[in-house]
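Data first, discussion second: the structure below is written as structure tokens.
Computed from heavy atoms alone, side chains included, the values below leave out hydrogens, waters and symmetry copies.
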Amino acid sequence: MKILRPLALAAVLAAGILSPTSALADINNPITKAVLKVYEEQIRENPRDYMAYFSRANEYFQHDELIRALDDLNKALEYAPASEKELRYECLIRRADIYNQTKRPEQALADLEECMKLTPDSFIALFKKADTEFELGKYSEAKADYQRLQRMNMRNPEVFIGLAKVAVKENNLGTANEYLDQAVTLDPNNAETYVSRANVRKLMGDHNGAVDDLILAVSTDSKKTNAFQEIVDYGKTNYAATMAGLSNAIKQAPRVGMFRYLRAVIAQAHYNYLSAISDYDYILKERLYNYHGLYASIAECEFALGRYSDALSNVDYALASVKDNCDYYVLRSQILRALGRNDEAVQSAANALVFDRNSGAALTEMAMCEIGRKDYDKASELLGEASLNDAESPVYYMLKAWVNETYLNRADAARKLYAQVAEMDHFYIDNVLSLKGFAQLFMGDGEAGERWMENILSTVSDNDGMIHYYGACFFARKGNFDRAIKCAETALEKGYANYYNWTDYSDGLVNVAPLRDDLRFLNLLNRYNTIFGK
């Protein structure tokens, strides 16, 4: 399991190179906790206080705590009287947003239809309804609603984007392009319009055009668009087109550091650390940007490549510029542990917690340091704290289960923790990072775990080898070394260049540690040594 946290995007945001449209405080910060406490007290005094439930749901939603928000919205709708039409409308439209974000469009559509009954002339509810119908494949219904929206507002570019999406599904590509052109004509200086056009071009299979639009969006207004993250996300499924588009942009504007930075971030996110380092180095050498986050990003890449001394030098350079960055101290601690300098790692992990006591990465790193000091109860306690702060992340439960089973002889406690992971079916059941199959394996149901793993390997696109790396981890732990070696070979073929994960990472049970004495595995790493720069 890769504990490293990506520093690149956070660094560029903090540097002011790109500002997000909204910067939300962490839900564990004192102000947010105080607000939530007020709502909690109101609900304790009156368990049917629907306004308190609604207000708290909005607070949770703003901090991406979707399960908690959904629970509060359900209660608000249960207790709010029918006469509270405006409140019920707001609850339903917010709940529809959550259902759509959690891949439950049928339930979202039902709520949006209720919204339209409460407020028949709501442009927002109708727009969301049309988008949801489109996602459900109800193209004729979506088209009718987009056309109704067009009659309500002839100059809204997003309506033309919606009509273009439907035209693509009707195989009317010429009409779709006309709608896209109309959208851009209506709002040519709005970066989000280009982001929307990129999404339609993706539907059309025009991936190069989509990337060009996202680059144009960044160029139009890098401070107010989500195009930066859109390009990073696009690289997950269209890596070649994304990198080709950025390389072309760099060729045309070699002194625009944003394009080179984007390429580095995406390369790093796809475990192509050598390319990422090359672009980061170029940015620094040519003085396109000179920011401590770049040195931290280079350190993260070097750490992944097993260049621990170089990584330490670069993260120390970053920390010389900013001494209160939790993530940098977490990375420094990881590097020091890899170098066998556990006492120094403890201090770095402690520094990380000073600057963010609720950081899951910092709590996890300190827990690993405590294992090095043989204080297993403390390690378990820290991981428990991390899981309380982020109850939807399976990583902390898996690591705590490992500590309980391996070091504290608490097999029953470990099994309960694995069961919690196995039951986390919301959001990402088919995502390898849910670790569901690993939890099933460690609970003793290897067959169920293998079905889960094989399903992901056969159905989910793996353009950078990460999924097959996890396949290698799974089958190594299951004792099927032949299958594990095949997965490892596929991962390396696809460019999964995290040398640390392949050779050193041993925290928990989600790793390839059982393979490291297998000569076939060692030969594989040697055969692909160029992707590690060796």
Side-chain angles (χ1 to χ4, degrees), residues 1-15 17 232 257 260-356 359-362 364-366 368-369 466 496-505 507 531-534:
M1 190 185 312
K2 191 164 85 72
I3 300 299
L4 274 175
R5 296 179 64 192
L7 301 174
L9 186 56
V12 75
L13 292 174
I17 298 170
V232 173
R260 200 174 287 271
Y261 188 89
L262 270 167
R263 190 169 70 175
V265 168
I266 294 169
Q268 181 177 353
H270 290 272
Y271 316 102
N272 190 348
Y273 302 110
L274 295 176
S275 292
I277 289 172
S278 176
D279 274 337
Y280 290 137
D281 280 341
Y282 183 93
I283 291 169
L284 291 170
K285 186 173 73 173
E286 296 297 319
R287 299 182 181 180
L288 303 181
Y289 303 124
N290 189 7
Y291 172 64
H292 53 79
L294 294 172
Y295 294 97
S297 294
I298 292 172
E300 192 175 38
C301 292
E302 289 172 333
F303 175 56
L305 291 171
R307 303 174 183 176
Y308 303 137
S309 295
D310 291 340
L312 184 60
S313 296
N314 273 303
V315 78
D316 281 344
Y317 193 93
L319 282 165
S321 299
V322 54
K323 300 183 184 301
D324 60 353
N325 189 296
C326 172
D327 288 339
Y328 297 177
Y329 280 111
V330 169
L331 176 58
R332 188 174 192 272
S333 180
Q334 292 172 319
I335 295 167
L336 288 166
R337 280 200 299 125
L339 288 167
R341 293 158 59 176
N342 198 67
D343 289 342
E344 294 171 80
V346 170
Q347 185 57 56
S348 283
N351 288 339
L353 288 171
V354 167
F355 299 117
D356 188 351
S359 164
T364 298
E365 182 57 24
M366 179 57 85
M368 298 305 105
C369 290
M466 181 269 285
Y496 185 81
N498 194 315
Y499 193 75
Y500 168 74
N501 278 0
W502 286 123
T503 61
D504 278 348
Y505 179 67
D507 300 339
I531 69 172
F532 309 117
K534 298 186 181 298

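Heavy atoms only, all atoms of each residue included: Leu339 and Ser309 are closest at CD2-OG, 4.3 Å. Here the closest non-hydrogen pair linking Ala345 and Ser333 is O-OG, 3.0 Å. Across Ser348 and Tyr329, no two heavy atoms sit closer than the pair O-CB, 3.4 Å. Taking each heavy atom of Cys369 and Asn342 in turn, the nearest pair found is O-ND2, 3.5 Å. Contact between Gly533 and Leu274 at its shortest, heavy atoms only, is N-CD1, 3.5 Å. Here the closest non-hydrogen pair linking Gly257 and Ile283 is O-CD1, 4.2 Å.
Using a 4.5 Å cut-off on side-chain heavy atoms (C-beta onward), Gln334 and Met368 make no contact. For the pair Val315/Tyr295, no side-chain contact is recorded, criterion being any heavy-atom separation below 4.5 Å from C-beta on. Counting heavy atoms from C-beta outward, Trp502 and Phe532 have side chains that approach closer than 4.5 Å.
A donor-acceptor pair under 3.5 Å is formed between the side chain of Ser297 and the backbone N or O of Gly293. Checking side-chain atoms of Tyr505 against main-chain N and O of Asp507 turns up a donor-acceptor pair under 3.5 Å. In this structure, Thr364 contributes its side chain and Gly360 its backbone to a donor-acceptor pair below 3.5 Å.
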For the pair Asn272 and Ser275, evaluate side chain to side chain donor-acceptor pair (under 3.5 Å) and give the outcome as yes or no after the intermediate values.
CA-CA 6 Å; Asn272 190 348; Ser275 292; 3.3 Å; yes

Give the intermediate values and the outcome of side chain to side chain contact (heavy atoms under 4.5 Å, CB included) for residues Tyr271 and Asn501.
CA-CA 11 Å; Tyr271 316 102; Asn501 278 0; over 6 Å; no

Evaluate the side chain to side chain contact (heavy atoms under 4.5 Å, CB included) criterion for residues Tyr280 and Cys301: first the C-alpha distance (whole Å), next the side-chain angles of each, then the deciding distance (0.1 Å), finally the verdict.
CA-CA 10 Å; Tyr280 290 137; Cys301 292; 4.2 Å; yes

Apply side chain to side chain contact (heavy atoms under 4.5 Å, CB included) to Asp281 and Ile298, showing your working.
CA-CA 8 Å; Asp281 280 341; Ile298 292 172; 3.4 Å; yes

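For Asn314, the side-chain hydrogen bond (donor to acceptor under 3.5 Å, both in side chains) criterion is met by Glu302, not counting sequence neighbours.
Atom-to-atom distance recorded for Ser321:OG and His292:NE2 is 6.5 Å, nearest 0.5 angstrom. Note that CZ of Arg307 and CG of Leu312 are 15.0 Å apart. Values are rounded to the nearest 0.5 Å. Rounding to the nearest 0.5 Å gives a distance of 8.0 Å between OH of Tyr499 and CG of Asp504. The line from CD of Glu300 to CG of Leu305 is 11.0 Å long, rounded to the nearest 0.5 Å. Separation of atoms CZ (Phe303) and OH (Tyr308) is listed at 5.5 Å; rounding is to 0.5 Å. Within the model, atoms CZ of Arg341 and CD of Gln347 stand 13.5 Å from one another, a figure rounded to the nearest 0.5 Å.
A cation-pi arrangement, defined by a distance under 6.0 Å to the six-membered ring centre and an angle within 45 degrees of its axis, is absent between Lys323 and Phe355.
For an aromatic pair to be called close, the ring centres must be under 6.0 Å apart, and His270 with Tyr496 fails this.
A salt bridge does not link Glu286 to Arg260: none of the charged nitrogens lies less than 4.0 Å from a carboxylate oxygen.
The residue from Leu294, Leu288, Ile266 that alone fulfils the side-chain contact (heavy atoms from CB on, under 4.5 Å) condition with Tyr261 is Leu294.
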